Protein chains: 2
Amino acid sequence: MSKQPVQLVGGADLEDCRVPLVAEPLTADQAERLAPSFKALGDPVRLRLLSLIASHAGGETCVCDLTEAFDLTAPTISHHLKVLKEIGLVTAERRGTWVYYRAEQPALDLLSTVLSVPQGVNA
Amino acid sequence: MSKQPVQLVGGADLEDCRVPLVAEPLTADQAERLAPSFKALGDPVRLRLLSLIASHAGGETCVCDLTEAFDLTAPTISHHLKVLKEIGLVTAERRGTWVYYRAEQPALDLLSTVLSVPQGVNA
DNA sequence: CGTCTAGTTTGACGACCGTCTAGGCAATCG
DNA sequence: CGATTGCCTAGACGGTCGTCAAACTAGACG
């Protein structure tokens, strides 16, 4: 029950994009599927949200704790969390009154790999 | 010889953001400085441009070759290249008639590090 | 049931983004 | 010089994005 494939909005699989962008040219199709993930990271609030969630001890964070960390209204935080959730960088689970968010580390790792610069590439 | 500091638009240094986002929460300031780089990667055309440049043998690519790879007008390609250049992911150099773009691998590597998931983090 | 708290959804508004056409600048070649 | 080619800038236009206030849904607790 582990190793769920990383998903994109439309449901397409991102795993076949797990290649350093430096190693060979991305196809138009790969670029089209990767870009939304980077776009999601292109907002300071979402970057911090993801970092807060991903670095939190226990691996999950309550929305109430996240909202407190920003000078923004709850709907705005909720909106950003939705964006992160829809591209598969986080998942959400309701337990009683509270909703907990958890980072999808494989998705993060994939994006890291795409940007990675293997030794000796194009010296 | 190596380790030129990666620069941001305003001239601020990005090097002190070279920490996995999973390891500890990004500060608001760090997020503010990192986000524009990811935003630049959040467009499929720019992702492909960067990949074409970064993976090209010899390390540099002529604009004319880049333009041909897309179904877009030259000004549009030029605009995207400018975005990549202004955040420091590529550099440009004119030699005679042609302009050559080159990928800034340290900048790429920094972003890769930010997204990386070190072993044993938040098991 | 009624009420309270936690989050999300909806709809609106201003700002920003990607693309184009038209025009400009720089280097090359007769 | 004038003509041509390569690339960039300027300006415009439609679409998307980030934010908020208001209204809604889901549990918890009497």
Side-chain angles (χ1 to χ4, degrees), chain A residues 8-10 26 28 31-50 52-53 56 60-87 89-102, chain B residues 8-10 26 28 31-50 52-53 56 60-87 89-102:
Chain A
L8 185 65
V9 188
L26 290 173
E32 210 84 45
R33 283 184 288 149
L34 282 170
S37 294
F38 289 116
K39 184 190 278 191
L41 298 178
D43 181 277
V45 175
R46 285 194 294 265
L47 259 189
R48 277 185 72 201
L49 279 171
L50 179 59
L52 281 168
I53 296 168
H56 195 274
E60 59 183 16
T61 314
C62 175
V63 173
C64 53
D65 293 333
L66 296 172
T67 304
E68 287 176 357
F70 296 84
D71 243 5
L72 295 169
T73 63
T76 298
I77 299 299
S78 188
H79 161 68
H80 287 304
L81 288 171
K82 185 179 183 181
V83 172
L84 290 173
K85 186 171 60 180
E86 285 181 342
I87 57 163
L89 281 169
V90 302
T91 54
E93 183 194 355
R94 171 159 221 139
R95 285 206 300 279
T97 307
W98 296 281
V99 175
Y100 296 89
Y101 279 78
R102 179 178 294 269
Chain B
L8 186 65
V9 188
L26 289 174
E32 211 84 43
R33 283 184 289 150
L34 283 169
S37 295
F38 289 117
K39 185 191 275 191
L41 299 177
D43 181 277
V45 175
R46 286 195 292 265
L47 258 188
R48 277 185 72 201
L49 280 171
L50 179 60
L52 281 168
I53 295 168
H56 195 273
E60 58 183 17
T61 314
C62 175
V63 174
C64 54
D65 293 332
L66 295 172
T67 305
E68 287 177 356
F70 296 84
D71 243 5
L72 295 169
T73 64
T76 297
I77 300 298
S78 187
H79 160 69
H80 286 304
L81 288 171
K82 185 179 183 183
V83 172
L84 290 173
K85 186 172 59 180
E86 285 183 341
I87 57 162
L89 281 168
V90 302
T91 54
E93 182 193 356
R94 171 159 219 140
R95 283 205 302 279
T97 307
W98 297 280
V99 176
Y100 296 89
Y101 279 79
R102 180 178 293 271

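Since this is a predicted model, take the numbers as computed values, not measurements. So you know, we letter chains A, B, ... as the sequences are listed, proteins then strands, and number each from 1.
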Check your understanding: Can you tell me if the side-chain N/O atoms of B:Thr73 get under 4.0 Å from OP1 or OP2 in C:dT19?
Key -> no
Practice item. Please state how far atom CG in B:Leu84 lies from atom P in C:dG18, giving the value in whole angstrom units. Key: 10 Å
Check your understanding: Once you round it to whole Å, what is the distance between P of D:dG6 and OH of B:Tyr100?
Key -> 12 Å
Review point. Rounded to the Å, how far apart are B:His79 NE2 and C:dC16 C1'?
Key: 11 Å
**Study point:** Residue pair A:Lys82, A:Glu86: steps toward the side-chain contact (heavy atoms from CB on, under 4.5 Å) verdict
**Key:** CA-CA 6 Å; A:Lys82 185 179 183 181; A:Glu86 285 181 342; 3.4 Å; yes
Practice item. Determine the contact category for B:Leu81: base if any of its heavy atoms lies under 4.0 Å from a base atom, sugar-phosphate if only primed atoms, P, OP1 or OP2 are that close, otherwise nothing. Key: nothing
Exercise for review: Report the distance from atom CH2 of A:Trp98 to atom P of C:dA6, rounded to the nearest whole Å.
Suggested key: 8 Å
Practice item. Considering just the side-chain nitrogens and oxygens of A:Lys82, establish if one lies under 4.0 Å of OP1 or OP2 belonging to C:dG7. Key: no
Check your understanding: Using a cut-off of 4.0 Å on non-hydrogen atoms, how would the nucleic acid contact of A:Lys39 be classed: base, sugar-phosphate, or nothing?
Key -> sugar-phosphate
Review point. Could you give the distance from CG (A:Asp65) to CD1 (A:Ile53), rounded to the nearest 0.5 Å?
Key: 11.0 Å
Check your understanding: CZ of B:Phe70 to NE2 of B:His80: how many Å apart, nearest 0.5 Å?
Key -> 8.5 Å
Point to revise | Between C1' of D:dC8 and CG of B:Leu66, the distance in whole Å | key: 15 Å
**Study point:** Between D:dT16 (P) and A:Glu86 (CD): distance, integer Å
**Key:** 15 Å
Review point. Under a 3.5 Å cut-off for both distances, is D:dC8 Watson-Crick or wobble paired, and to whom?
Key: C:dG23
Practice item. Kindly say if A:Thr76 contacts the phosphate of D:dG18, meaning a side-chain N or O under 4.0 Å from OP1 or OP2. Key: no
Practice item. Compare the minimum distances between each of D:dC7, C:dT9, C:dT21 and the side chain of B:Pro75, then state the nucleotide with the smallest one. Key: C:dT21
**Study point:** Rounded distance (Å) that lies between atom P of C:dC17 and atom CG of B:Leu41
**Key:** 15 Å
Check your understanding: Can you tell me if B:Thr67 uses its side chain to pair, donor with acceptor, with the backbone of B:Val63 under 3.5 Å?
Key -> yes
Review point. Hey, are the side chains of B:Leu84 and B:Leu49 touching, using non-hydrogen atoms and a 4.5 Å cut-off?
Key: yes
Practice item. Tell me which nucleotide among C:dG18, D:dT19, C:dG7 gets nearest to the side chain of B:Arg46. Key: C:dG18
Exercise for review: Report yes if a side-chain nitrogen or oxygen of A:Arg95 is closer than 4.0 Å to either non-bridging phosphate oxygen (OP1 or OP2) of D:dG27; otherwise report no.
Suggested key: no
Review point. Under 4.0 angstrom, heavy atoms only, what part of the nucleic acid is A:Tyr101 near: base, sugar-phosphate, or nothing?
Key: sugar-phosphate
Exercise for review: For A:Ile77, report the nucleic acid contact type (base, sugar-phosphate, nothing); a contact means any heavy atom under 4.0 Å.
Suggested key: nothing
Practice item. Quick one: label A:Ser78 by what it contacts on the DNA or RNA (base, sugar-phosphate, nothing), any heavy atom closer than 4.0 Å. Key: base
Review point. Which comes earlier along DNA chain D counting from the 5' end, the contact point of A:Asp71 or that of A:Thr97, where each point is its nearest nucleotide?
Key: A:Asp71
Review point. Closest nucleotide of DNA chain D for A:Arg94 versus for A:His80: which of these residues is on the 5' side?
Key: A:His80
Exercise for review: Measure from the side-chain heavy atoms of A:Asp43 and tell me the nearest of D:dC8, D:dG18, C:dT8.
Suggested key: D:dG18
Point to revise | B:Leu41 CG to A:Lys39 NZ distance, which is reported to the nearest 0.5 Å | key: 12.5 Å
Exercise for review: Please state how far atom CG in B:Leu49 lies from atom P in C:dG18, giving the value in whole angstrom units.
Suggested key: 12 Å
